[in-house]
Novice: 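Sharing a structure below in structure tokens format, with a few things to ask.
These values consider heavy atoms only, across backbone and side chains, with no hydrogens, waters or symmetry-generated copies.
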2 protein chains.
Amino acid sequence: MLRLSTKGQYGVRAMYEIARGYPATPVTIKEISERQDVSVAYLEQILNKLRKAGLIKSIRGPGGGYILNRSADKISIASILNELEGPVALTSCLEPEGGCVRIDSCVTHLLWKALGEQVEAFLKTITLKNLMAGDFYALGGTAKKEMRRPVRLKPQSQP
Amino acid sequence: MLRLSTKGQYGVRAMYEIARGYPATPVTIKEISERQDVSVAYLEQILNKLRKAGLIKSIRGPGGGYILNRSADKISIASILNELEGPVALTSCLEPEGGCVRIDSCVTHLLWKALGEQVEAFLKTITLKNLMAGDFYALGGTAKKEMRRPVRLKPQSQP
DNA sequence: TAAAACCCTACCGTTTTTGTCAAGTATTAT
DNA sequence: ATAATACTTGACAAAAACGGTAGGGTTTTA
Ligand code: FES
Ligand code: FES
């Protein structure tokens, strides 16, 4: 239940690789492909979307590649997934176009809405920088920043 | 992104209808079908799963129908969705069988795991009883039910 | 014994996902 | 200038998941 598409998964992993080169070194698709084990052709589609969304920019020609368009602490996981999978909308009734006629009498509508907001809030608090550092914060609803409890996750080893 | 299947959605709405008859009145598939606007044949599949999972029981023959197997405050939304859509697993790597070889070196694995646990925790705190009463807290949203004083559930467990 | 109501499972059209492929365009090094 | 590098774009297709339908059963009650 609630499966994330591979585009979303690969996208975040690709952004992680690009973030590692920031701000000095453009990272090529080929490098990302080798490090994250995703085909070049598929990555092209993914990175294209992310570029059009302004999350990364590209440098063509030899020595080129992709670099972040802004620093890693200003790019949330939510912003990446939003571009690749569209906004969080657990039901079609919740989509911007929506147009469900049952909406006012629907028992579950507010429940799905609340859950979606919960997910979105979580993903918004986590940036590429957090991902690189392995620092996640457990979101505590309306909890203030000083009330957040940092959870240190195991550092990642690189292949 | 993160779409819930119709089976899951209809399942919760069907359980809501069955809960309304608890404990005295069995609710027939036909009634659920009419009230929630879902075909009888499709509901049969859904209710069958929920019955096998022990969430509801059925009474055959005329005057029969479905009733809850335990009280509404002991049936969480999570338990319903788990039966109809399987456990929350945002990636295939997170599934019980799983078997991803990259798991130890994967940058994002713990992120998806954390998000999945967040969702599961949220859905576990909300029961059918909460759903019937409209008593759940919409994070960052507008709880636009009656003027009843909203009871704040704790979507997140802070260890 | 007939009607009400649940039980089972096979099937099937559509959509989404998950990519591949081929033919570009832009930039730089030499 | 030319070759090599690297991003750009659109078309396409296999495979899986989704969202049901169909049609036969069985059990229970009046
Ligand atoms: S069915 Fe559309 S809002 Fe519930
Ligand atoms: S790719 Fe399997 S755990 Fe990340």
Novice: Which residue pairs satisfy the side chain to side chain donor-acceptor pair (under 3.5 Å) criterion with at least one member in residues 49-58 of chain A, sequence neighbours excluded?
Specialist: Asn48(A)-Arg51(A)
Novice: Report, as a single string ordered 5' to 3', how protein heavy atoms within less than 4.0 Å touch nucleotides 14-24 of chain D: B base, S sugar-phosphate only, - not at all.
Specialist: -----BBB-B-
Novice: If only atom types and distance count, is the side chain of Gln9(B) paired as donor or acceptor with the main-chain N or O of Leu4(B) below 3.5 Å?
Specialist: yes
Novice: Which atoms form the tightest heavy-atom contact between Ala19(B) and Leu128(B), and what is the distance?
Specialist: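 Minimum heavy-atom contact is CB-CD1, 4.1 Å.
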Novice: Which residues within residues 63-72 of chain A lie with some heavy atom under 4.0 Å of an atom in DNA chain C?
Specialist: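 Within this stretch, nothing sits under 4.0 Å of the strand.
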Novice: My understanding is that only residues two or more places apart in sequence, or in another chain, count here; which of them pass salt bridge (Lys or Arg N to Asp or Glu O under 4.0 Å) with Arg3(A)?
Specialist: Glu95(B)
Novice: Would you say the side-chain atoms of Thr108(A) pair up with the backbone N or O of Leu111(A), donor to acceptor, closer than 3.5 Å?
Specialist: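 Checking the backbone N and O of Leu111(A) against the side chain of Thr108(A), no donor-acceptor pair under 3.5 Å is found.
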Novice: For Lys129(B), which residues count as a salt bridge (Lys or Arg N to Asp or Glu O under 4.0 Å) partner, sequence neighbours excluded?
Specialist: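 None.
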Novice: Check DNA chain C against residues 11-23 of chain B and give the residues with a non-hydrogen atom under 4.0 Å, in numerical order.
Specialist: none
Novice: Can you tell me which residue pairs pass the ring pair (Phe, Tyr, Trp, His ring centres under 6.0 Å) test with a partner in residues 31-53 of chain B, sequence neighbours excluded?
Specialist: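 Ring pair (Phe, Tyr, Trp, His ring centres under 6.0 Å) check on residues 31-53 of chain B returns Tyr10(B)-Tyr42(B).
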Novice: Are any side-chain N or O atoms of Ser33(B) and backbone N or O atoms of Val38(B), one a donor and one an acceptor, separated by less than 3.5 Å?
Specialist: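 Looks like yes, one N/O pair under 3.5 Å.
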Novice: I need the minimum non-hydrogen distance between Val40(A) and Ile29(A), along with the two atoms involved.
Specialist: CG1-CG2, 3.5 Å
Novice: Could you tell me which residues satisfy salt bridge (Lys or Arg N to Asp or Glu O under 4.0 Å) with Glu44(A), sequence neighbours excluded, listed by chain and number?
Specialist: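 Testing Glu44(A) for salt bridge (Lys or Arg N to Asp or Glu O under 4.0 Å), a comparison that skips the adjacent residues, returns none.
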Novice: Could you check whether Leu47(A) gets within reach of a base, just the sugar-phosphate, or nothing at all, counting any heavy atom under 4.0 Å?
Specialist: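 It contacts nothing in the nucleic acid.
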Novice: Could you name each residue pair satisfying ring pair (Phe, Tyr, Trp, His ring centres under 6.0 Å) that touches residues 59-80 of chain A, not counting sequence neighbours?
Specialist: none
Novice: Among residues 48-60 of chain A, which ones have heavy-atom contacts with DNA chain D below 4.0 Å?
Specialist: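 Of all residues in residues 48-60 of chain A, the ones placing a heavy atom under 4.0 Å from DNA chain D are Asn48(A), Arg51(A), Lys52(A), Ser58(A), Ile59(A), Arg60(A).
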Novice: Below 4.0 Å from chain A heavy atoms, what is the first contacting nucleotide of DNA chain C and what is the last?
Specialist: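 Contact span on the strand: dT18(C) to dT28(C).
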Novice: Measure from the side-chain N and O atoms of Ser5(A) to the backbone N and O of Gly8(A), and report whether any donor-acceptor pair falls under 3.5 Å.
Specialist: yes
Novice: Arg20(B): which residues meet the salt bridge (Lys or Arg N to Asp or Glu O under 4.0 Å) condition with it, sequence neighbours left out?
Specialist: Glu17(B)
